[in-house]
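Chain letters run A, B, ... following the sequence lines, proteins first and then strands; every chain starts at 1.
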Protein chains: 2
Amino acid sequence: MSTDTPARLLQLLSLLQTPREWPGGELADRLGVSRRTVRRDVDRLRELGYPVQATMGADGGYRLVAGKAMPPLVLDDEEAVAIAVGLRAGAGHAVEGVDEASVRALAKLEQVLPGRLRHRVATLQAATTPLTSGDGASIAPETLTVIASTIAGREGLRFAYRARDGAESRRRTEPYRLVSTERRWYLVAYDLDRDDWRTFRVDRVSDPFATGARFTPRELPTGDAAEFLRQSMQRRQDTYEFEVTFSAPAEVVAARLPAWLGTPQPVDEHSCRLRAAAGGPMEWLAVRLAMMDCEFTVHEPPGLVGYVRDLGGRLSRAAGA
Amino acid sequence: MSTDTPARLLQLLSLLQTPREWPGGELADRLGVSRRTVRRDVDRLRELGYPVQATMGADGGYRLVAGKAMPPLVLDDEEAVAIAVGLRAGAGHAVEGVDEASVRALAKLEQVLPGRLRHRVATLQAATTPLTSGDGASIAPETLTVIASTIAGREGLRFAYRARDGAESRRRTEPYRLVSTERRWYLVAYDLDRDDWRTFRVDRVSDPFATGARFTPRELPTGDAAEFLRQSMQRRQDTYEFEVTFSAPAEVVAARLPAWLGTPQPVDEHSCRLRAAAGGPMEWLAVRLAMMDCEFTVHEPPGLVGYVRDLGGRLSRAAGA
DNA sequence: CCAAGTAGGACAGTTACCGTCCTAGATGTG
DNA sequence: CACATCTAGGACGGTAACTGTCCTACTTGG
């Protein structure tokens, strides 16, 4: 309705993102301009790099197709809520390799999410259950997004931290990177009080907030945040090795397990063995194995064997054995 | 760098979405215009409804905050991939109430996703595991997005359908709505051959494609697609009732279960009972119960009891009991 | 108080934009 | 085959909008 050119272009972009064909006449009507102007606008979008495809002939029309760069996504309310909920649900147990970008996208979205939608996201979020099996290691999505924001904005970050021995402390940091490996989130940051680089487990962070103080990022001595994390993990020995034998062909098992857990080695035609290192909560691995839908045997570590035994006992009792 | 006004406005919008403060001078530099013009552009964005907040005084700057409507999201490559992967992973087992919007958002995103990113999404998607426990009821995300596109674009839809008795048939339909209830996806559509409204289970749909023929949506006699689905489900009796007793306070159980499964009723201070109806694969419910981390007893239905017993036995054997 | 930032009015030159005319090419239908 | 319906794009003139420069006013933190 507004007669402004840039506004009209944004509106056109939004219309074209609906997965259907738009005849020029209809667009002209909707935008309140002449057909010729629509053609010019389409031209302009193309010059901007958004590939508008036009099918010729009767029954033709315009539509936005895949191009070189991502066009700005124009979402309606429900779609925005769906993405927010989806990303938040995934934040705790996302796919290896996209976790950090996923949190960044969530932070970006939540920055501009209208208040009334925020409500709906929170409600729906409450209706879903965190997949973490009650070991208290769950992470509030807000924690991740606040941290991501401070990293992107180069702002100071303060939070309360509960160390491995249970001791509480308050930290003033310059956040550097979020890294997630093997079902756990870590923050690599420069600790202003310790005057050195540190890694923090995000599930032990509480009450994080941006101080507002901007800083220029220091250089990490190790270069890569993931590398730095790996080194400090080695010192702490936070992972464990496990070994399982499955009564199913290696291909079948491989298809049902996440690739990062490793590749099962065939023993014979009908069984295979998986030996790999895992981090994160052991319960998760146990449940994952339970979902495999084939016979298997856990050899190591003893803790995992114990947990699987407990789970088995509990289920047997539940069935009234 | 000097492009025309609308392009600059889009660029400005993208800069402001980074969660940080931008001083006017820096924006002027980046956009290649004078400081005054930046102020004018900011004004224009505000008039368009995008609330740009400015902090006054030294060390001030601009940033985009939550407003009345969603601004067009400007994503970088990694963020786009992250959202696509997240939505696809969630497509099979999403949160009640946002599923359809989620699929619509995914369709919208994939329509414009550049080819090189498509590759990355596919790769990462392969690395993750479908959560469906081997009953063959998994759904390819593509199937959902194709259907969603035809609904949005009012295009005819053809697909192959495997009926409950295993009979294969080809369908020509005018798609109306996607509905998901209790872990399953359904398509409500007008069947052009049967000349009547039908519901289809999406996990039995294969090889769907848009015919390209546009149509004007008919009116559904029942009015609401969800209502229509409910009625045809009642005829088929696709759900089952279950009853479980937990050895944990009702609040604790409620907090760990999805709300749509129902509310547990307290029996005494330390236990509670849940009686509700569920649909979808029974294995899913069994695994969900296993993750509850407390003792429980399954009373009904017999099938669920049997499945829990099997799972328990398998786990006990796995632990070498 | 000063420095550095936002906010916004006034003015003049330039530019870009828009609608109304055209004509040309593609495509499916009667 | 001709026709209707769509995209594609050149030409043109009047109007409107945009931009940079130069102002002043106000806010905030050191």
Q. Is Arg46(A) near enough to dA8(D) that one of its side-chain N or O atoms lies under 4.0 angstrom from OP1 or OP2?
A. yes
Q: Kindly say if Thr5(B) contacts the phosphate of dT19(D), meaning a side-chain N or O under 4.0 Å from OP1 or OP2.
A: yes
Q) Roughly, in whole Å, what's the span from CH2 in Trp22(B) to C1' in dA4(C)? A) 19 Å
Q: Round to the nearest Å and state the distance from Leu9(B) atom CG to dC17(C) atom P.
A: 12 Å
Q: Calculate the interatomic distance between Arg63(B) atom CZ and dG5(C) atom P; express it in whole Å.
A: 17 Å
(Q) Let me check the geometry of the helix from dC1(C)-dG30(D) to dG30(C)-dC1(D). What is the bend angle between the axes at its two ends, five pairs each, to 10°? (A) 50°
Q) Looking at Asp43(A) and Arg40(A), does any basic side-chain N land under 4.0 Å from a carboxylate oxygen? A) no
Q) Leu45(A) has an atom CG; how far is it from atom P of dA8(D), in whole Å? A) 12 Å
Q.
Categorize Val33(A) for me: base, sugar-phosphate, or nothing, with a 4.0 angstrom heavy-atom threshold over every strand shown.
A. sugar-phosphate
Q: Side-chain contact test, heavy atoms from C-beta onward, threshold under 4.5 Å: evaluate it for Val81(B) versus Leu113(B) and give yes or no.
A: no
(Q) Is the shortest side-chain heavy-atom distance between Pro72(A) and Leu13(B) below 4.5 Å? (A) no
Q: Identify, between Gly32(A) and Tyr62(B), the residue whose nearest nucleotide on DNA chain C lies closer to the 5' end.
A: Tyr62(B)
Q) To the nearest angstrom, how far is Arg8(B) atom CZ from dT15(C) atom P? A) 15 Å
Q | Partners passing side-chain contact (heavy atoms from CB on, under 4.5 Å) against Ala163(A) (at least two apart in sequence or in another chain) | A | Asp165(A)
**Q.** Trp22(A) side chain vs Leu15(A) backbone, donor-acceptor pair below 3.5 Å
**A.** yes
**Q.** Greater than 12 external heavy atoms within 6.0 Å of Arg36(B)'s CZ
**A.** yes
Q.
Could you check whether Arg116(A) pairs with Asp77(A) (Lys NZ or Arg NE/NH1/NH2 to Asp/Glu carboxylate O, under 4.0 Å)?
A. yes
Q) More than 12 foreign heavy atoms under 6.0 Å from CZ of Arg154(B): is that the case here? A) no
Q) Can you check the Arg40(A) CZ to dA16(C) P distance for me, whole Å? A) 13 Å
Q) Looking at Arg44(B), does any N or O in its side chain come under 4.0 Å of the phosphate oxygens OP1/OP2 on dC18(D)? A) yes
Q. Do the charged groups of Arg201(B) and Asp203(B) touch, with an N to O distance under 4.0 Å?
A. yes
Q.
Check this for me: Arg35(B), atom CZ, are more than 12 non-hydrogen atoms of other residues, nucleotides or ligands nearer than 6.0 Å?
A. no
Q | Whole angstrom value for the distance that separates P of dG5(C) from CG of Asp29(B) | A | 12 Å
Q: Would you give a per-nucleotide map of nucleotides 22-30 of chain D, 5' to 3', where B means the base has a protein non-hydrogen atom under 4.0 Å away, S means only the sugar-phosphate does, and - means neither?
A: -----BB--
Q.
Both Asp43(B) and Arg35(B) contact DNA chain C. Which one's nearest nucleotide lies toward the 5' end?
A. Arg35(B)
Q: Provide, to the nearest angstrom, the distance between the CG atom belonging to Leu12(A) and the P atom belonging to dC17(C).
A: 14 Å
Q | Options dC18(C), dT21(D), dA8(D), nucleotide nearest the side-chain atoms of Asp41(A) | A | dC18(C)
